[in-house]
Amino acid sequence: MRIMLESLTKRFGTVVGVDDITLAVEDGEFVAFLGPSGCGKTTTLLMIAGIYKPTAGTIRFGERVVNQVPPKDRNIGMVFQSYALYPHMTVFGNMNYPLKLKKVSKEEQMLRVQEVADKMGIGDLLDRRPGQLSGGQQQRVALGRALVKQPDVLLFDEPLSNLDARLRLSMRGEIKHLQKELGITAIYVTHDQVEAMTMADRIAVMNRGKLEAFDAPDDLYDRPKTLFIAGFVGNPPMNFLEVEVRQEGGAFYAVNEALRVQVPPERGEPAAGRGGRVILGIRPEDITLSAAGEARGEVFLVEPLGRDDLLDVHLDATNRLNVLADPTARIRAGDAVALALDMRRVQFFDPQTELSLLWR
């Protein structure tokens with residue numbers, strides 16, 4: 001099922017929850033709505049589900065406009081953060097409930113529930129009640145209840161937020177595998193960029209009700225179109241410094257009070273053409289410790305992350321960089337370090353518009 005949102009807007013009194021969003025989710029695609037709390041991602045999902053009515057704009061399922069179609073007639077399956085299971089019903093009763101409402105025959109109910117339960121790995125739990133299940137099992141029941149309807153669209157509202165880190169990891173893989181196997185169009189709301197980056201074919205990044213970008217994960221990471229995307233996508237987040245990009249003797253340099261580094265022409269030329277200061281962005285993994293490094297500073301803090309140490313390096317009173325370092329280097333707070341920046345990976349942004357100077 002292809003889903004098209006056209007100039008979709010939702011207002012709550014004077015508050016704009018979703019502001020003029022247009023995008024298309026293709027048939028069988030897995031799309032994530034990503035952004036911080038209050039950005040409008042869940043509001044958009046609830047309009048697609050029919051729980052909220054748009055203030056303006058159009059929602060199409062295929063060629064059908066569904067703005068006035070009630071949720072029960074949209075053939076959607078929805079999985080919530082809270083699981084929303086009926087505690088007095090068994091697993092079978094919870095999964096079977098949508099089929100009872102649709103007046104499916106009892107024989108068909110039994111077959112479909114058992115088939116989906118086996119696929120979800122809970123086929124032997126059908127006689128239990130939700131209170132007798134772990135969090136992961138309850139999430140599988142909630143997903144199974146959505147799938148048993150044989151929906152055209154699957155909607156997920158932060159479904160893994162209540163699970164521990166290890167279980168979230170396994171459930172991410174299971175949901176993605178199942179969605180691809182069944183070929184169902186899926187929209188997944190999350191504030192967790194790792195979930196979005198690892199699960200989605202494309203990601204809609206939202207901020208303050210607006211759509212910042214709608215791109216593949218690699219494009220968002222390597223070619224961020226706005227300062228917000230650059231800072232939100234990636235962990236640890238991107239470093240930002242105010243610099244002036246100058247052309248000197250045919251070469252380009254990014255310069256400020258604490259830094260002077262040469263920039264490749266394909267990145268330096270668009271930034272130098274602006275005049276005045278711009279915002280330089282570079283990710284911690286694109287900075288290395290090197291005796292020949294162009295930037296020098298003092299380590300203020302070391303955060304052990306296991307595979308890496310995250311160093312907070314102060315170049316001066318106002319310029320600082322987060323750097324990923326090998327723990328075997330045994331860097332300590334107070335150490336003086338030299339840093340080499342991979343300028344082939346650098347980003348530049350307009351400080352007024354916050355738009356990328358490299359990508360449109």
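For reference, positions follow the sequence shown, starting with 1. In what follows, every heavy atom counts, from backbone to side chain, and hydrogens, waters and symmetry copies are set aside. Every value quoted in this text rests on a predicted model; they were computed, and no experiment measured them.
- Cation-pi geometry between Arg246 and Phe252 is not satisfied (NZ or CZ under 6.0 Å from the ring centre, within 45° of the ring normal).
- Side-chain polar atoms of Thr226 and Glu354 form no donor-acceptor pair below 3.5 angstrom.
- Under a cut-off of 6.0 angstrom, the local environment of NZ in Lys210 is sparse, with at most 12 non-hydrogen atoms contributed by other residues, nucleotides or ligands.
- Between Phe30 and Phe156, the angle of the ring planes stays under 30°, which puts this pair in the parallel group of the 30/60° scheme.
- Residue-environment remark: CG (Asp73) exceeds the threshold of 12 foreign heavy atoms within 6.0 Å.
- Remark: the Asp326 side chain and the Thr328 side chain contain an N/O donor-acceptor pair separated by less than 3.5 Å.
- Checked against salt bridge (charged side-chain N to carboxylate O under 4.0 Å, His left out), Arg60 has the following partners two or more places apart in sequence or in another chain: Glu6.
- Annotation: cation-pi geometry satisfied between Arg260 and Tyr253 (NZ/CZ under 6.0 angstrom from ring centroid, within 45° of ring axis).
- Note on Val243 and Val346: same hydrophobic cluster, where clusters join Ile, Leu, Val, Met, Phe, Trp and Tyr whose side-chain heavy atoms are under 4.5 Å apart, directly or indirectly.
- Aromatic rings of Tyr52 and Phe12 (six-membered ring for Trp) have centroids within the 6.0 Å cut-off, being under it.
- The local environment of CZ in Arg208 is sparse, with at most 12 non-hydrogen atoms from other residues, nucleotides or ligands closer than 6.0 Å.
- Gln81 and Asp157 form no side-chain donor-acceptor contact under 3.5 Å, judged by distance and modelled atom types alone.
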Hey, can you pull the donor-acceptor pairs under 3.5 Å for the side chains in residues 304-315, sequence neighbours left out?
from: Asp312; atom 1: OD1; to: Arg320; atom 2: NE; distance (Å): 3.4
from: Asp312; atom 1: OD1; to: Arg320; atom 2: NH2; distance (Å): 3.4
from: Asp312; atom 1: OD2; to: Arg320; atom 2: NH2; distance (Å): 2.4

Which donor-acceptor pairs under 3.5 Å do the side chains of residues 228-240 make with protein atoms, sequence neighbours left out?
from: Asn239; atom 1: OD1; to: Asn322; atom 2: N; distance (Å): 2.7
from: Asn239; atom 1: ND2; to: Ile282; atom 2: O; distance (Å): 3.2
from: Asn239; atom 1: ND2; to: Asn322; atom 2: O; distance (Å): 2.9

